[in-house]
Protein chains: 2
Amino acid sequence: MEKNQVPDIVVARLPLYLQTLKTLENEGAYNTSSKDLGQKLGISAAQIRKDLSHFGEFGKQGTGYSIKYLTECLEEILHVNKTWDMALIGVGFLGHAIVNFQGFYNQGFRIKCVFDSDPNKIGQIVAGFEIMDIKNLEATIKENRIKVAMITVHAENAQEVTEKLINAGVKSILNYAPIVLKVPTGIQVQYINPIIELQHMTYYLE
Amino acid sequence: MEKNQVPDIVVARLPLYLQTLKTLENEGAYNTSSKDLGQKLGISAAQIRKDLSHFGEFGKQGTGYSIKYLTECLEEILHVNKTWDMALIGVGFLGHAIVNFQGFYNQGFRIKCVFDSDPNKIGQIVAGFEIMDIKNLEATIKENRIKVAMITVHAENAQEVTEKLINAGVKSILNYAPIVLKVPTGIQVQYINPIIELQHMTYYLE
DNA sequence: TAGATTGTTAATCGATTAACAATC
DNA sequence: TAGATTGTTAATCGATTAACAATC
């Protein structure tokens, strides 16, 4: 497979390039350069050119990159030139905030269904979604062929939920619970963990 | 300064070690090893020992590490053996969720004050905090000597808020807005951005 | 003692950068 | 044309790993 040749650390930067391109487009710009992107992102121009070179040639000498064209290319590379249906598991305060988040739209994602195990929550409507019983998780995810999920349950339940998700065919998990998930090869997991980020920063404080 | 010698990529892993140690402690364990921690975190035992060796010797041959002692050492290294007061700016759905988040407690952090610019929100009480007018941000943060802040405003306003925070003495910023902040040397910024993480993962999907 | 595991060294591996020919 | 910027190469830089003496 060609994509195995691209280091994951390079792949991880592509969404940042895409984000910056979209900001530039919103500002009304049509063209940019590796130098410009690098300054905005705080990384070197050489690194951006090197990263992009793994996937093809997207620029022109002398004039740089067309924002529109490079955006389209990156969206295709990252497979966000389509919209991925997502499941959300755990409708506490955080899950509630995510369900109400407007920012997925036009970035390749939308929430399709939300689950909780609390009988008091099941059946309630949140931002237009009826909270479903977690007992129906596997059937519903299979039925809708959902490949992407977000976990916002307590740490104690995150591994169990993960296993159900994988059973149901989910391949990519964004985990907000503060625990490292055990998953088989081929399943992607990323973590969102404010405590980790805060503790990283306080190292540098007095 | 001694700490400049430690690569940031090593520092970034320390909070993960701490998280795993706390999970183990909750499970009732007293000792662990680099092998055990590595398996739980999906990294090599050698890397964990190498990382820790930047800061001292915390283990014993044959028996590994005392969970209690290594926890204390890491908390001291990361400066979370005290509690950092934090400011939160932007009380939308996400800000609301963060204010209600119970997980900061005992990890070195607590929210001290919350701000918004919306006249309809100012003065309201959220999880026991009165939402303050962002006009009072600089005075209040100076007064309370707050060094850590979380930004949950819209991307358009994040840079402006950042500059106010830095003016007021904030040194570490956890930014939830999807934009790279421009900050002077010596100011720490970390990002929380689910779209970036999701797009990273869909690269590997069909 | 025998087995386990540390801290550290040196080797390996991989990522970043500087430089430049090509060319818009 | 002159200036700017690409894509790529080779060199540099830094991170990870394997191995092992030390020792609990």
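Just so it is clear: chains get the letters A, B, ... in the order the sequence lines come, proteins before strands, and each one is counted from 1.
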Visitor: Mind calculating the distance between NZ (Lys50(B)) and C1' (dT9(C)) to the nearest angstrom?
Guide: 9 Å
Visitor: Go through Lys112(B) and Glu143(B) one step at a time and tell me if the salt bridge (charged side-chain N to carboxylate O under 4.0 Å, His left out) criterion holds.
Guide: CA-CA 12 Å; Lys112(B) 178 79 180 180; Glu143(B) 199 178 305; over 6 Å; no
Visitor: Say whether, by atom type as modelled, one donor and one acceptor occur between the side chain of Gln199(B) and the main chain of Gln107(A) under 3.5 angstrom.
Guide: yes
Visitor: Regarding Asp8(A) and Tyr204(B), is there a side-chain donor-to-acceptor distance under 3.5 Å anywhere?
Guide: yes
Visitor: Under 3.5 Å, is there a donor on one side chain and an acceptor on the other for Thr140(B) and Asn136(B)?
Guide: no
Visitor: Enumerate, in order of first residue number, the stems that involve DNA chain C, defined as 3 or more consecutive Watson-Crick or G-U wobble pairs with both distances under 3.5 Å.
Guide: C:3-24 with D:3-24
Visitor: Applying side chain to side chain contact (heavy atoms under 4.5 Å, CB included) between Leu181(A) and each of Ile173(A), Val161(A), Ile166(A), report the one that passes.
Guide: Ile173(A)
Visitor: Evaluate the salt bridge (charged side-chain N to carboxylate O under 4.0 Å, His left out) criterion for residues Glu138(A) and Lys142(A): first the C-alpha distance (whole Å), next the side-chain angles of each, then the deciding distance (0.1 Å), finally the verdict.
Guide: CA-CA 6 Å; Glu138(A) 290 177 68; Lys142(A) 276 182 190 162; 5.0 Å; no
Visitor: Side-chain N or O of Ser44(B) less than 4.0 angstrom from OP1 or OP2 on dT16(D)?
Guide: no
Visitor: Please tabulate, one pair per line, each protein N/O and nucleotide N/O from nucleotides 4-7 of chain D that are separated by under 3.5 Å, including the distance.
Guide:
| residue | atom | partner | partner atom | Å |
| --- | --- | --- | --- | --- |
| dT5(D) | O4' | Gly62(A) | N | 3.1 |
| dT5(D) | O2 | Gly62(A) | N | 3.3 |
| dT6(D) | OP1 | Ser34(A) | N | 2.7 |
| dT6(D) | OP2 | Ser34(A) | OG | 2.5 |
| dG7(D) | OP1 | Phe58(A) | N | 2.8 |
| dG7(D) | OP1 | Gly59(A) | N | 2.8 |
| dG7(D) | OP2 | Tyr65(A) | OH | 2.7 |
| dG7(D) | O3' | Glu57(A) | OE2 | 3.3 |
| dG7(D) | N7 | Arg49(A) | NE | 2.7 |
| dG7(D) | O6 | Arg49(A) | NE | 3.4 |
| dG7(D) | O6 | Arg49(A) | NH2 | 2.9 |

Visitor: If only atom types and distance count, is the side chain of Gln159(B) paired as donor or acceptor with the main-chain N or O of Lys182(B) below 3.5 Å?
Guide: yes
Visitor: Among Thr71(A), Leu74(A), Ile67(A), which residue meets the side chain to side chain contact (heavy atoms under 4.5 Å, CB included) test with Lys22(A)?
Guide: Thr71(A)
Visitor: I'd like a table of atom pairs between the protein and nucleotides 13-15 of chain D - only N or O on both sides, under 3.5 Å - with the distance next to each one.
Guide:
none

Visitor: Rounded off to whole Å, could you give me the CD1-to-P distance for the Ile48(A) and dT8(D) pair?
Guide: 16 Å
Visitor: If you apply the rule side chain to side chain donor-acceptor pair (under 3.5 Å), what do you find for Tyr65(B) with Asp36(B), and how did you get there?
Guide: CA-CA 10 Å; Tyr65(B) 304 92; Asp36(B) 183 33; over 6 Å; no
Visitor: Got a donor-acceptor contact below 3.5 angstrom from the Thr152(A) side chain to the Gly90(A) backbone?
Guide: yes
